[in-house]
Asks: 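Structure incoming, see below.
What you are looking at is a predicted structure, and each value in this text was computed from that prediction instead of being measured. These values consider heavy atoms only, across backbone and side chains, with no hydrogens, waters or symmetry-generated copies.
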Amino acid sequence: MPRDTPMPSTPPPTPPQLNTMAIAAFALSVLGIFVLPSVLGGVVCGHLARRQIRRTGEQGDAWALAALILGYLLLLLSIAGLLLFGGFMITMFGVMALM
């Protein structure tokens with residue numbers, strides 16, 4: 001009767017690690033809804049995370065991309081809000097000067 005010889009077991013391949021810079025970038029971008037300067041940190045960390053992910057092959061590119069999209073969107077909205085507020089104030093002071 002033939003005997004089955006056990007095959008040497010190889011450990012299962014470990015999945016790539018999740019890039020922590022990508023998670024930090026996303027957290028900073030979300031925090032930017034309440035504290036605007038943190039958006040800048042989210043955008044910078046998002047770019048750094050994407051570069052690290054391309055170099056090391058880690059996971060988390062979607063997190064970094066979401067951080068960049070949210071960060072740039074919040075920056076764009078805040079600049080538009082400041083421009084609208086400034087235009088409103090200039091208009092109101094112009095109307096007040098004519099009275």
Asks: What are the two closest heavy atoms between Ser78 and Leu75, and how far apart are they?
Replies: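 Heavy-atom minimum between the residues: OG-O, 3.1 Å.
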Asks: Do you know the tightest heavy-atom contact between Ala49 and Ala64?
Replies: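 Taking Ala49 first and Ala64 second, the nearest heavy atoms are CB-CB, 4.0 Å.
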Asks: Decide yes or no for Asn19 and Ile23: does some side-chain heavy atom of the first lie under 4.5 Å from some side-chain heavy atom of the second?
Replies: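 A side-chain contact is absent here, since even the closest heavy-atom pair is not under 4.5 Å.
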Asks: Evaluate the side-chain proximity of Leu65 to Arg50: yes if any heavy-atom separation is below 4.5 Å, no if none is.
Replies: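 The answer is yes; the side chains approach within 4.5 Å.
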Asks: Strictly distance-based, threshold 3.5 Å: is any side-chain N or O of Ser29 a donor or acceptor partner for the main-chain N or O of Val39?
Replies: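 The answer is no, because no donor-acceptor pair under 3.5 Å joins these two groups.
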Asks: Determine, using the 4.5 Å side-chain heavy-atom cutoff (strictly less than), whether Trp63 and Met21 are members of one ILVMFWY cluster.
Replies: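 No.
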Asks: Consider only side-chain heavy atoms of I, L, V, M, F, W and Y, link residues closer than 4.5 Å, and tell whether Val44 and Leu36 are in one cluster.
Replies: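 In one cluster: no.
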Asks: Of all heavy-atom pairs between Leu28 and Cys45, which one has the smallest distance, and what is that distance?
Replies: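 What the structure gives for the nearest pair is CD1-SG, 4.1 Å.
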Asks: So if you build clusters from Ile, Leu, Val, Met, Phe, Trp, Tyr with side-chain heavy-atom gaps below 4.5 Å, do Val35 and Phe26 land together?
Replies: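 Val35 clusters together with Phe26.
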Asks: Is it the case that over 12 heavy atoms from other parts of the model lie below 6.0 angstrom from the CD atom of Gln59?
Replies: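 Enclosed.
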Asks: Could you tell me which non-hydrogen atom of Ser38 sits nearest to which non-hydrogen atom of Leu31, and how far apart they are?
Replies: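 That closest heavy-atom pairing would be OG-C, 3.4 Å.
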Asks: Report yes or no: do Ile33 and Leu40 belong to one cluster of Ile/Leu/Val/Met/Phe/Trp/Tyr joined by side chain heavy-atom distances under 4.5 Å?
Replies: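 Ile33 clusters together with Leu40.
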Asks: Flag yes if Leu84 and Met89 sit in one hydrophobic cluster, no otherwise; membership is Ile, Leu, Val, Met, Phe, Trp, Tyr, and two members link when side-chain heavy atoms are under 4.5 Å apart.
Replies: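 Different hydrophobic clusters.
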